[in-house]
Engineer: 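My structure is below; once you've seen it, I'll send some questions.
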Amino acid sequence: MILCGLNQAIIKSLFYLEVVFMHFSKFTKYQKGVSLSTGLSYILERMDAAFMGLALASIIATLHISKAQGGLIPAITAVGSLVGGVGFGILADKFGRVRTLSWSIFIYAFGTAGMGFTNSFTLLLIFRIIIGLGTSGEYGIALTMLSEAFQKKYMGRISSAAGVAGQVGAIIASLLAAVVLPDWHLLFFIGIIPVILAAYIRFRLPESKSFNDNKIEEKKMKKLN
């Protein structure tokens, strides 16, 4: 069950790697940084979704929750995603894509690692909301960064390749689950690792030229008014 669909994920991931390696050497330094950070963001997002699906049976058994309560878990995560998608979109326009993306990854990592300490259904729902906030922020901001880093004529293949990167996350999650489960707490402790990615993005990746240009234009308009 854990390895179901793994072959398909591997095929899609190989396609992604082929696309990246064919064009990566032609990218600018900024484009390389954006490609790596957004690709890793999609990997992390898909890992979380896979973790939850793979560990759900163990979670229900350990926390002694009903099937109805188990069905509430993805719904409450979606609520967090809705709020995070809107909220982080506003913050990204105000404070910048790089800073906001790093915030969203910190939140995701906190929520996922917090799942490792969960010992009640209430705590589970709280951390799932936090994870929903973080993952939706990652997805939207990463896509924006890609659109600002590359010419429009390349966006179809670039965004598709970045999306397929999520299949790598599915592979990693499946392999980890095969080794770790039924100890789902340990599986989610791995969620602290993305903090490293957040630190890299925050301190090494410059803000996009489009965002900086828009901010300069806004300041000019304020002076005129």
Side-chain angles (χ1 to χ4, degrees), residues 37-38 40-145 163 165-166 169-170 172-174 176-177 180-199 201-202:
S37 60
T38 53
L40 288 171
S41 295
Y42 288 128
I43 288 173
L44 296 174
E45 182 188 17
R46 189 68 184 93
M47 280 181 66
D48 171 71
F51 277 168
M52 199 63 223
L54 294 166
L56 185 57
S58 298
I59 291 172
I60 290 174
T62 303
L63 299 182
H64 306 290
I65 61 179
S66 66
K67 291 183 178 179
Q69 288 175 313
L72 183 61
I73 296 172
I76 204 71
T77 307
V79 171
S81 297
L82 178 63
V83 175
V86 175
F88 276 110
I90 296 171
L91 291 173
D93 286 338
K94 184 176 179 60
F95 297 105
R97 288 68 163 110
V98 172
R99 183 184 301 180
T100 312
L101 180 62
S102 65
W103 292 344
S104 71
I105 295 174
F106 272 119
I107 291 171
Y108 160 83
F110 174 77
T112 307
M115 288 284 292
F117 294 100
T118 298
N119 57 8
S120 70
F121 182 62
T122 302
L123 275 178
L124 178 69
L125 293 183
I126 290 172
F127 285 120
R128 290 311 302 173
I129 290 175
I130 293 172
I131 289 170
L133 288 169
T135 54
S136 64
E138 283 180 45
Y139 182 85
I141 299 168
L143 196 59
T144 301
M145 291 173 67
I172 295 171
S174 297
L176 288 172
V180 173
L181 288 179
D183 187 358
W184 58 273
H185 290 91
L186 180 58
L187 189 65
F188 283 101
F189 274 133
I190 299 168
I192 199 66
I193 295 175
V195 171
I196 300 171
L197 172 61
I201 292 173
R202 181 67 185 88

Engineer: Using a 3.5 Å distance criterion without hydrogens, assess whether the side chain of Ser102 forms a donor-acceptor pair with backbone atoms of Arg99.
Structural biologist: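 Judged by distance alone, yes, a pair lies under 3.5 Å.
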Engineer: Do Ile73 and Phe121 have side chains that approach each other closer than 4.5 Å (heavy atoms only, starting at C-beta)?
Structural biologist: yes
Engineer: Atom CZ in Arg128, atom OG1 in Thr135: separation rounded to 0.5 Å?
Structural biologist: 8.0 Å
Engineer: Hey, are the side chains of Leu123 and Phe117 touching, using non-hydrogen atoms and a 4.5 Å cut-off?
Structural biologist: no
Engineer: Apply side chain to side chain contact (heavy atoms under 4.5 Å, CB included) to the pair Leu63 and Gln69, showing each step before the final yes or no.
Structural biologist: CA-CA 11 Å; Leu63 299 182; Gln69 288 175 313; over 6 Å; no
Engineer: With rounding to the nearest 0.5 Å, note down the distance linking CD1 in Ile131 to CZ in Phe110.
Structural biologist: 10.5 Å
Engineer: Measure the shortest side-chain to side-chain distance between Val98 and Met145 over non-hydrogen atoms and say whether it is less than 4.5 angstrom.
Structural biologist: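 Yes, side chains in contact.
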Engineer: Given Ile126, which of Ile129, Leu124, Ile130 fulfils the side chain to side chain contact (heavy atoms under 4.5 Å, CB included) condition?
Structural biologist: Ile130
Engineer: Check Trp184 against Thr118 and note the closest heavy-atom contact, atom names and distance.
Structural biologist: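 What the structure gives for the nearest pair is CH2-O, 3.8 Å.
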Engineer: Could you check whether any side-chain heavy atom of Ile59 comes within less than 4.5 Å of a side-chain heavy atom of Phe188, counting everything from C-beta outward?
Structural biologist: yes
Engineer: Determine, step by step, whether Leu176 and Met47 satisfy the side chain to side chain contact (heavy atoms under 4.5 Å, CB included) criterion, reporting the C-alpha distance in whole Å, the side-chain angles of both residues, the deciding distance to 0.1 Å, and the verdict.
Structural biologist: CA-CA 10 Å; Leu176 288 172; Met47 280 181 66; 4.3 Å; yes
Engineer: Where is the tightest heavy-atom contact between Leu187 and Val180, given as atom of each residue plus distance?
Structural biologist: N-CG1, 3.7 Å
Engineer: On a heavy-atom basis, which atom in Leu181 and which in Ala55 lie closest, and how many Å separate them?
Structural biologist: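 Closest approach of Leu181 to Ala55, heavy atoms only: CD2-CB, 4.0 Å.
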Engineer: Side-chain polar contacts of residues 80-95 - donor-acceptor pairs under 3.5 angstrom, sequence neighbours left out - could you list them?
Structural biologist:
residue, atom, partner, partner atom, Å
Ser81, OG, Thr77, O, 3.1
Ser81, OG, Gly132, O, 3.4
Asp93, OD1, Arg97, NH1, 2.9

